[in-house]
Protein chains: 2
Amino acid sequence: MKQISESNPLQDFFEMDIRPYISLKEFEPDEFIIREGERPTYLYYLLEGRAKLFISQENGSISLINFIEAPCFIGEMELLDANRLPQGLKAISTCSCYQIDISGCGDRILRDVKFLRYLCRFLSTKATQNTDNYMRNQSYPLKIRLAEFILKMAVNGYYREPHTEAAEFLGVTYRHLLYVLAQFVKEGILEKTKQGYEVKKTEALRGLIKNEVHNSQY
Amino acid sequence: MKQISESNPLQDFFEMDIRPYISLKEFEPDEFIIREGERPTYLYYLLEGRAKLFISQENGSISLINFIEAPCFIGEMELLDANRLPQGLKAISTCSCYQIDISGCGDRILRDVKFLRYLCRFLSTKATQNTDNYMRNQSYPLKIRLAEFILKMAVNGYYREPHTEAAEFLGVTYRHLLYVLAQFVKEGILEKTKQGYEVKKTEALRGLIKNEVHNSQY
DNA sequence: GCCTCCATGTGAGAAATCTCATATAATGGA
DNA sequence: TCCATTATATGAGATTTCTCACATGGAGGC
């Protein structure tokens with residue numbers, strides 16, 4: 001955790017001098033960036049890496065609900081709305097972030113017009129992208145969505161998500177997920193090992209996605 | 001279009017005095033609130049009514065992409081980002097709005113901390129809701145999603161969306177949409193007339209949705 | 001009027017997905 | 001250790017949804 005002193009790209013998002021509050025922070029794969037229900041003491045800006053958002057249901061089970069991809073802010077919702085209960089966020093790959101100590105400057109950030117404007121633009125752009133994404137995705141068969149999912153979740157060439165979690169996220173039954181995974185294994189795209197499913201043909205997965213996207217332009 | 005002079009609920013969202021720029025405006029069903037590609041001259045706040053968001057594809061066809069429901073701002077994305085090309089928005093039911101003349105105060109609004117903060121909170125809450133909604137929906141069979149869709153789209157008890165548009169929005173084939181609509185007719189939930197499908201059993205549609213939501217809590 | 005285009009509508013078989021039943025590890029308490 | 005719970009795994013039949021083929025009707029251009 002070293003201090004940033006010189007010019008910093010993050011400074012572009014603010015009118016105030018944010019640099020005194022910034023430090024660098026890395027999270028290892030599977031490490032929690034934010035624990036569910038625990039109010040974060042930092043506002044993060046994810047420079048590199050992927051993370052997954054969780055929420056736990058009334059019945060106690062945990063659900064994967066979304067992905068976070070660099071570059072973007074993390075924890076801005078909790079900063080904006082003190083009443084919102086934070087969702088859990090866990091690193092997929094190594095995540096390097098700037099962390100901004102909001103205990104020192106949270107109220108000033110919330111009066112920084114440049115930052116608020118940037119955030120509004122970012123959030124509305126993301127909303128549009130999310131909608132597009134949902135619309136595009138909903139008509140694809142599991143084979144395609146699973147291909148995307150595996151590529152997003154794989155670390156060092158290995159896919160090792162719990163099937164129950166994946167099935168819920170993908171909106172299909174456990175049974176059917178297993179069925180399609182078995183197809184991938186039969187086609188030699190995946191190989192089952194003790195460390196998880198090894199991705200043998202990344203290109204085949206990418207191909208599935210690309211073809212489907214293009215076919216849908218009818 | 002009458003002037004608002006006394007206290008106004010919209011004022012709560014702003015630090016500046018917004019009242020001089022506000023007027024009331026009503027849109028009839030099927031009337032465009034924003035035409036695609038045409039930069040709106042007002043920021044709207046929808047008080048009552050429902051509207052649908054459109055976008056036209058590269059190939060010239062038009063796609064329904066989302067719903068807007070009161071109360072919420074309309075046109076805030078275009079205000080925030082002058083480069084964004086506006087999506088089309090059409091009233092489903094009668095929509096009453098406040099309209100804020102941004103030619104007179106757009107730059108002041110964009111420096112209004114209270115407004116920007118409200119908008120950030122609103123956008124992030126909406127993003128969360130959208131995600132939840134999408135997650136919940138994706139696993140439902142068409143029967144359920146169509147029930148919701150019909151309830152949202154019906155005006156005065158009549159559903160009359162073009163099937164091509166509806167099928168695309170719901171992410172199913174035209175063929176299958178027709179099949180499920182025919183089921184609804186057979187069950188006496190809908191009745192086909194020259195003015196569109198008449199909704200005969202609103203409660204049956206609501207029941208479909210509710211049951212499915214509850215069943216999914218396993 | 002005639003032609004084209006597109007939305008509407010129907011049938012039949014195939015593919016995707018679900019339900020249910022059942023069995024075997026793996027995991028976490030008591 | 002043993003038990004209870006949960007994740008993993010597979011089979012078989014039912015339901016949902018898709019594909020494709022084809023027919024009809026309306027709207028606009030000429």
Side-chain angles (χ1 to χ4, degrees), chain A residues 56-57 59-64 135-150 153 158-187 190-197 208 211-212 215-218, chain B residues 54 56-57 59-64 135-149 153 158-187 190-197 208 211-212 215-218:
Chain A
S56 53
Q57 312 288 15
N59 60 17
S61 70
I62 286 180
S63 303
L64 175 58
M135 296 271 87
R136 214 165 11 84
N137 265 11
Q138 77 171 347
S139 46
Y140 295 167
L142 180 62
K143 201 171 181 182
I144 312 297
R145 284 178 295 139
L146 181 57
E148 261 187 64
F149 187 74
I150 290 172
M153 289 310 223
Y158 282 86
Y159 168 81
R160 36 189 306 151
E161 297 306 305
H163 297 152
T164 42
E165 220 168 276
E168 190 189 6
F169 177 75
L170 293 165
V172 297
T173 47
Y174 183 89
R175 183 67 190 87
H176 189 53
L177 173 63
L178 270 276
Y179 179 76
V180 176
L181 274 173
Q183 273 184 246
F184 282 165
V185 171
K186 201 186 302 172
E187 294 171 23
L190 298 180
E191 190 176 307
K192 209 166 164 182
T193 73
K194 270 161 210 151
Q195 304 91 280
Y197 289 82
L208 277 173
N211 284 330
E212 195 58 30
N215 288 342
S216 70
Q217 318 279 356
Y218 52 91
Chain B
F54 286 96
S56 55
Q57 312 287 15
N59 60 19
S61 71
I62 286 180
S63 302
L64 174 59
M135 296 270 87
R136 212 163 15 80
N137 265 11
Q138 75 171 348
S139 45
Y140 295 167
L142 180 61
K143 200 171 180 180
I144 312 299
R145 285 178 293 139
L146 181 56
E148 260 186 52
F149 187 73
M153 290 308 222
Y158 282 86
Y159 168 81
R160 35 190 308 152
E161 297 306 306
H163 297 149
T164 42
E165 220 169 276
E168 190 189 6
F169 177 74
L170 293 165
V172 297
T173 49
Y174 183 89
R175 183 70 191 88
H176 189 52
L177 174 61
L178 271 275
Y179 178 76
V180 177
L181 274 173
Q183 273 183 247
F184 281 167
V185 171
K186 201 187 301 172
E187 294 170 22
L190 298 181
E191 190 177 308
K192 211 169 166 182
T193 72
K194 271 161 208 151
Q195 304 91 277
Y197 289 82
L208 278 174
N211 284 331
E212 194 60 30
N215 288 342
S216 71
Q217 317 278 0
Y218 52 89

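Each chain gets a letter, A, B and so on, in the order its sequence line appears, and its residues count up from 1. If you're wondering where the values come from, they're calculated on a predicted model, not measured in any experiment.
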task: Please report the closest heavy-atom contact between A:G171 and B:S139, naming both atoms and the distance.
output: O-CB, 3.8 Å

- request: Decide yes or no on salt bridge (charged side-chain N to carboxylate O under 4.0 Å, His left out) for A:E187 and A:K143, but give the supporting numbers first.
  value: CA-CA 12 Å; A:E187 294 171 23; A:K143 201 171 181 182; 3.5 Å; yes

CA sep, side-chain torsions, deciding dist, call: A:L181, A:H163, side chain to side chain contact (heavy atoms under 4.5 Å, CB included): CA-CA 10 Å; A:L181 274 173; A:H163 297 152; 3.6 Å; yes

Could you write out each protein N or O paired with an N or O of nucleotides 8-10 of chain C at a distance under 3.5 Å?
from: C:dT8; atom 1: OP1; to: B:H163; atom 2: N; distance (Å): 3.3
from: C:dT8; atom 1: OP2; to: B:H163; atom 2: N; distance (Å): 3.2
from: C:dT8; atom 1: OP2; to: B:T164; atom 2: N; distance (Å): 3.1
from: C:dT8; atom 1: O5'; to: B:Y174; atom 2: OH; distance (Å): 3.4
from: C:dG9; atom 1: OP1; to: B:K192; atom 2: NZ; distance (Å): 2.6
from: C:dG9; atom 1: OP2; to: B:H163; atom 2: ND1; distance (Å): 3.4

- line: Heavy-atom closest pair (A:R145 atom, A:N137 atom, distance to 0.1 Å) is CD-O, 3.7 Å

message: Side chain of A:T173 only, heavy atoms from C-beta on: which candidate in C:dC18, C:dT17, D:dT17 is closest?
response: C:dC18

field: side chain to side chain contact (heavy atoms under 4.5 Å, CB included) assessment of A:L208 paired with A:E148
entry: CA-CA 9 Å; A:L208 277 173; A:E148 261 187 64; over 6 Å; no

message: Please evaluate residues A:Y197 and A:Y158 with respect to the criterion ring pair (Phe, Tyr, Trp, His ring centres under 6.0 Å), reporting the C-alpha separation (whole Å), side-chain torsions for both, the decisive distance (0.1 Å), and the verdict.
response: CA-CA 6 Å; A:Y197 289 82; A:Y158 282 86; over 10 Å; no

Which protein N or O atoms sit under 3.5 Å from an N or O of nucleotides 22-26 of chain C?
none

query: Between A:I150 and A:L190, does a side chain to side chain contact (heavy atoms under 4.5 Å, CB included) hold up when you go through it step by step?
result: CA-CA 10 Å; A:I150 290 172; A:L190 298 180; 3.9 Å; yes

task: Rounding to 10 degrees, work out the angle separating the end axes of the helix from C:dG1-D:dC30 to C:dA30-D:dT1 (five pairs an end).
output: 50°

query: Starting at OH of B:Y179 and ending at P of D:dT19, how long is that distance when rounded to a whole Å?
result: 17 Å

message: Pair A:L64, A:M153 - check side chain to side chain contact (heavy atoms under 4.5 Å, CB included), show working.
response: CA-CA 12 Å; A:L64 175 58; A:M153 289 310 223; 3.5 Å; yes

- line: Looking only at heavy atoms, the pair that brings A:F149 and A:A166 closest together is CE2-CB, 3.6 Å

field: Polar side-chain atom of A:E168 near backbone of A:T173 as donor-acceptor pair, under 3.5 Å
entry: no

- request: Measure the distance from CG on B:L170 to C1' on D:dT16 and round it to the nearest whole Å.
  value: 15 Å

